[in-house]
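Counting convention: from 1, in listed order, for ligands and their atoms alike. Counting from 1, the numbers follow the sequence of the chain as shown.
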Amino acid sequence: MKIACIGTGFVGVVTSAIFASHGHEVVGLDIDENKVKSLSNGEVPFFEPGLSELLKKTLADGHLTFTNSYKKAISNAEIIFIMVGTPSAADGQADLKYVFAAAESMAPYLKKEAVVVVKSTVPPGTSKEVAKIIKQKTKTSFTTASVPEFLREGSAVEDTLHPSRVVIGTTDKKTGEKLTQLHRPLSDKIIIMKPESAQMAKYASNTYLATRITFINQIADLCEKNGADVEEVVAGIGEDPRIGTHYWYPGFGYGGSCFPKDVSELAAYSRAVGESNNLMNKVHELNLARTPYLMEKMGQKIGGWKDKQVAVLGLSFKPNTDDTREAPSTAIIKYLQQQKANIFGFDPRAKWSGETTNFSQKKSLEEAVAHADVIIAVIEWPEIISFDFSKTKLNKPQFFIDGRNQFDPATIKNWNYIYLSIGRG
Ligand SMILES: NC(=O)c1ccc[n+]([C@@H]2O[C@H](COP(=O)([O-])OP(=O)(O)OC[C@H]3O[C@@H](n4cnc5c(N)ncnc54)[C@H](O)[C@@H]3O)[C@@H](O)[C@H]2O)c1
């Protein structure tokens with residue numbers, strides 16, 4: 001099939017490369033000329049396992065090209081995916097200006113019976129708005145659909161090659177069949193529903209996962225009041241098949257480019273439709289307060305942060321990505337800067353691009369912890385959790401904050417650190 005992918009950011013590059021690897025003729029379109037140039041040269045502007053190889057292969061095969069010309073990308077396309085960003089506006093709702101701009105720009109070049117698919121995360125009703133915008137600019141017949149994206153950064157290639165499900169939001173039978181045909185080689189779990197349901201499913205999915213993280217953080221805080229161990233509590237509840245042992249991450253709260261944005265957008269959407277007393281508001285509020293709350297509590301245990309040498313290990317929002325958007329490290333570093341601590345950051349991939357007052361990023365974990373009074377292991381990068389901290393223990397009292405409960409408390413204590421964790425009594 002001939003496919004156009006509008007927006008070659010994170011989701012756009014992965015989707016383009018995967019469809020091209022299945023033999024489709026794919027054109028990736030972006031308004032950012034530098035991005036188009038580097039992608040055309042086979043360079044991915046971010047780190048994602050397996051993506052660089054896939055991009056190079058599909059470019060070499062001739063199945064994938066990049067452009068900034070709407071005419072070139074759209075004129076022959078049977079299916080057009082809109083995958084531009086949907087940041088939160090000032091009132092918290094999704095800002096759809098990029099989605100609507102893409103709809104307006106593609107309209108004059110639409111091929112007859114093209115299918116315009118919104119893949120960006122958008123509120124219910126957006127496909128109808130997109131159709132309205134296109135209709136103002138063309139008499140060509142077309143249909144719209146919503147196919148939300150569920151990939152996870154860090155395993156995006158694998159997730160797109162083998163999605164747990166493909167949700168197709170359309171009320172048009174032919175459009176549903178065409179999109180099913182496109183996605184069938186990727187998954188046999190294809191669920192067709194109303195566009196509004198597909199759009200709600202995306203927000204509901206991320207909000208549920210974020211709520212799970214917020215929930216276990218609350219339980220962890222209660223464990224600290226009574227000597228219980230949250231990891232034992234997880235073992236105790238997880239065997240219930242309605243709950244499960246997976247996806248429990250007590251820690252500094254959720255981050256990344258999606259969860260914080262999607263929860264706050266759903267909260268704002270709820271308020272806008274008259275449901276202001278909603279769970280999403282509270283989850284968002286608790287997550288924003290999470291890092292300052294923990295840092296203050298830890299600060300009391302270590303005798304204050306002022307002038308402390310602090311190693312912050314793990315700057316990305318999770319392992320296997322260099323994405324630092326809304327990462328817990330950003331809130332931790334901001335807090336430490338306010339408290340006038342000296343901060344030494346380390347991450348196997350991510351580069352710190354925030355405020356650098358009292359902050360320096362070290363090339364190795366050894367350098368970051370070399371003089372540390374406090375080590376904060378924020379993210380469970382394999383390089384961090386497999387590191388032998390006995391080798392770097394200094395001849396002074398040092399605190400070890402296990403921000404994701406990844407270490408064996410007894411081992412860390414045996415190495416003579418003062419061990420602090422999240423809800424482990
Ligand atoms: N990143 C993720 O892990 C992820 C996962 C699932 C869903 N999503 C959703 O997918 C959407 C895209 O996210 P992303 O992380 O890929 O965003 P991104 O910011 O990485 O990329 C967006 C791209 O769109 C381009 N763009 C903006 N306006 C354009 C226009 N009018 N025409 C052409 N290109 C344009 C930008 O230059 C940029 O390259 C968002 O709605 C996001 O919520 C993201």
* Asked: Does ligand 1 have an atom that lies less than 4.0 angstrom from a heavy atom of Cys258?
  -> yes
* Asked: In ligand 1, which numbered atoms sit nearer than 4.0 Å to a non-hydrogen atom of Met83?
  -> 12 (C)
* Quick one: do the Ser88 and Glu265 side chains pair a donor with an acceptor below 3.5 Å? -> yes
* Asked: Heavy-atom contacts under 4.0 Å between Val122 and ligand 1: side chain, backbone, both, or neither?
  -> neither
* List the steps and the verdict of ring pair (Phe, Tyr, Trp, His ring centres under 6.0 Å) for Tyr254 and Phe317. => CA-CA 8 Å; Tyr254 58 80; Phe317 81 93; over 10 Å; no
* Structure fact -> closest protein heavy atom to atom 26 (N) of ligand 1 is Val84 CG1, 3.7 Å
* Asked: Just by distance, with hydrogens left out, do Thr144 and Ser127 show a side-chain donor and acceptor under 3.5 Å apart?
  -> no
* Closest non-hydrogen protein atom to atom 1 (N) of ligand 1, residue and atom name please, with distance? -> Glu153 OE2, 3.1 Å
* Worked check of side-chain hydrogen bond (donor to acceptor under 3.5 Å, both in side chains) between Lys261 and Thr86 -> CA-CA 9 Å; Lys261 168 178 87 70; Thr86 47; 3.2 Å; yes
* **Closest protein heavy atom (residue, atom, distance) for atom 18 (P) of ligand 1** => Gly9 CA, 4.0 Å
* To do: Classify the contact between Ser120 and ligand 1 as side chain, backbone, both or neither, using a heavy-atom distance cut-off of under 4.0 Å.
  => both
* Are any of the N/O atoms in Phe150 less than 3.5 Å from those in ligand 1? -> no
* To do: Please check if any side-chain donor atom of Arg271 sits under 3.5 Å from a side-chain acceptor atom of Asn281, or the reverse.
  => yes
* Classify the side-chain pair Trp352/Ser360 by whether it contains a donor and acceptor separated by less than 3.5 Å. => no
* Asked: Starting from atom 32 (N) of ligand 1, which protein heavy atom do you reach first, and at what distance in Å?
  -> Tyr70 OH, 2.7 Å
* Report the nearest protein non-hydrogen atom to atom 9 (C) of ligand 1: residue, atom name, distance rounded to 0.1 Å. => Thr121 OG1, 3.5 Å
* To do: Using modelled atom types only, decide if a donor and an acceptor are shared between the side chain of His63 and the backbone of Thr58 within a distance under 3.5 Å.
  => no
* ligand 1 contact on Ile31 by region, counting heavy-atom pairs under 4.0 Å -> both
* Structure fact -> Taken in chain and number order and not counting sequence neighbours, the residues that satisfy side-chain contact (heavy atoms from CB on, under 4.5 Å) with Leu161 are Ile18, His22, Val157
* Asked: Does Arg152 come within less than 4.0 angstrom of ligand 1, counting non-hydrogen atoms of the residue?
  -> no
* Pull out every atom of ligand 1 sitting under 4.0 Å from any heavy atom of Ile6, numbered as shown with elements. => 32 (N), 33 (C)
* Asked: Cationic tip of Arg290 within the cone over Phe252's six-membered ring, i.e. under 6.0 Å and within 45° of the normal?
  -> no
* Nearest-neighbour protein heavy atom for atom 22 (C) of ligand 1, which is reported as residue plus atom name and distance -> Gly85 N, 3.6 Å
* Per the side chain to side chain donor-acceptor pair (under 3.5 Å) rule, which among Asp408, Asp402, Thr411 passes with Tyr419? -> Asp402
* Heteroatom distance test (Lys261, ligand 1): nitrogen or oxygen, under 3.5 angstrom -> yes
* Asked: Can you list the atoms of ligand 1 that are under 4.0 Å from a heavy atom of Ser257?
  -> 1 (N)
* To do: With sequence neighbours left out, write down each residue that passes ring-ring contact (aromatic ring centres under 6.0 Å, His included) with Phe46, or none if nothing qualifies.
  => Phe10
* Structure fact -> Quick look: Ala156 vs ligand 1, heavy-atom contacts under 4.0 Å, and the answer is neither
* Atom indices of ligand 1, in the order listed, that fall short of 4.0 Å to a heavy atom of Lys35 -> 38 (C), 39 (O)
* Report the C-alpha distance between Leu96 and Glu129 in whole Å, list the side-chain angles of each, state the deciding distance to 0.1 Å, and finish with yes or no for side chain to side chain contact (heavy atoms under 4.5 Å, CB included). => CA-CA 10 Å; Leu96 299 173; Glu129 293 295 316; over 6 Å; no
* Any donor-acceptor pair under 3.5 Å linking the side chain of Ser270 with the backbone of Leu266? -> yes
* Protein residue, atom and distance nearest to atom 6 (C) of ligand 1, heavy-atom basis -> Glu149 O, 3.3 Å
* Asked: Nearest heavy atom to atom 44 (C) of ligand 1: which of Val118, Thr86, Val11 does it belong to?
  -> Val11
* To do: Could you find the nearest protein heavy atom to atom 25 (C) of ligand 1 and give me its residue, atom name and distance?
  => Asp30 OD2, 3.3 Å
